[in-house]
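The structure appears right after this line, and notes come after that.
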Amino acid sequence: MAVGRLSGAWLRQVLTEVFPAGVVRRDLLDHFAAVLVSKRSSKGAKGRLARRLYGTLVKLQRRGLVTQEAGVVRSLAVPPKARSEAAPALGVVLERLLFKALLAEDGQGEGHTPRTLLESRRAFLAEAVAVGWSTADAAALLGITGAQAGQLLEGW
């Protein structure tokens, strides 16, 4: 896969020009895969592209430029004012757990069942809270409400 950089500027441009009303994250991945992944690409190229795309979406969401809710990605016209207290950094473990949760939500990966979706979301939320994130901030990255995150953690 000859992918240079999946930049945030390019991603925002695609969101505003091609999908102005929002797009399901899986369809956004398919859109970029059609452009960047060829038949001659090595095996797993779409998975690597998914990792880059999800990472870029998380960065844009933390800066307040896009919003993800229930798997639908929307570009925000004007970024809101930055909060005085930022959430802790997204470490390697949290990034991996978030990636697994987003893959399960999009129906990709091994055994994409509703149970694996719940388990992957719970694992991410539990680790995020343990590292010092608020439940609301962690839930926002998953695209769920704070109440839904609380219900997921109650069953843990």
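Bear in mind the structure is a predicted one, so any value in this text is a computation, not a measurement. This chain uses plain numbering: 1 for the first residue, then up along the sequence. Basis for what follows: all heavy atoms, side chains included, without hydrogens, waters or symmetry-related copies.
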Backbone N or O of [Y] within a donor-acceptor pair of the [X] side chain at under 3.5 Å?
X   : Y    : value
E17 : V14  : no
T56 : R52  : yes
Q61 : A140 : yes

Report the C-alpha distance between R25 and V72 in whole Å, list the side-chain angles of each, state the deciding distance to 0.1 Å, and finish with yes or no for side chain to side chain contact (heavy atoms under 4.5 Å, CB included).
CA-CA 6 Å; R25 194 172 40 241; V72 176; over 6 Å; no
Once the angle between the rings of F99 and Y54 is folded into 0 to 90°, is it parallel (under 30°), tilted (30 to 60°) or perpendicular (over 60°)?
tilted
Heavy atoms only: give me the nearest [X]-[Y] pair and the separation to one decimal.
X    : Y    : value
A33  : K46  : CB-CE, 4.1 Å
T16  : P20  : O-CB, 3.6 Å
L11  : L60  : CD2-CD1, 3.5 Å
S75  : L15  : CB-CB, 3.9 Å
R122 : L152 : NE-O, 3.1 Å
A123 : L97  : O-CD1, 3.7 Å

Taking a hydrophobic cluster as the set of Ile, Leu, Val, Met, Phe, Trp and Tyr residues connected by side-chain heavy atoms closer than 4.5 Å, whether directly or through intermediates, do [X] and [Y] fall within one such cluster?
X    : Y    : result
V23  : V18  : yes
L57  : V24  : no
L49  : F19  : yes
L117 : L142 : no

Once you round to the nearest 0.5 Å, how far does [atom1] of [X] lie from [atom2] of [Y]?
X    : Y    : atom1 : atom2 : result
R12  : R63  : CZ    : CZ    : 8.0 Å
T145 : Q151 : OG1   : CD    : 7.5 Å
R121 : L102 : CZ    : CG    : 9.0 Å
D137 : R62  : CG    : CZ    : 8.0 Å

Derivation of the salt bridge (charged side-chain N to carboxylate O under 4.0 Å, His left out) call for E105 and R26
CA-CA 9 Å; E105 184 176 331; R26 174 67 187 251; over 6 Å; no
Would you say that more than 12 heavy atoms from the other residues, nucleotides or ligands in this model lie under 6.0 Å from the CD of Q13, or not?
yes
Does the side chain to side chain contact (heavy atoms under 4.5 Å, CB included) test come out yes or no for W133 and L141, once each step is laid out?
CA-CA 11 Å; W133 285 60; L141 282 180; 3.4 Å; yes
Could you check whether S42 and R48, counting side-chain N and O atoms only, form a donor-acceptor pair closer than 3.5 Å?
yes
Show, in sequence, the C-alpha distance, side-chain angles and deciding distance for L53 and L29, and conclude whether the side chain to side chain contact (heavy atoms under 4.5 Å, CB included) test is met.
CA-CA 7 Å; L53 176 66; L29 174 61; 3.9 Å; yes
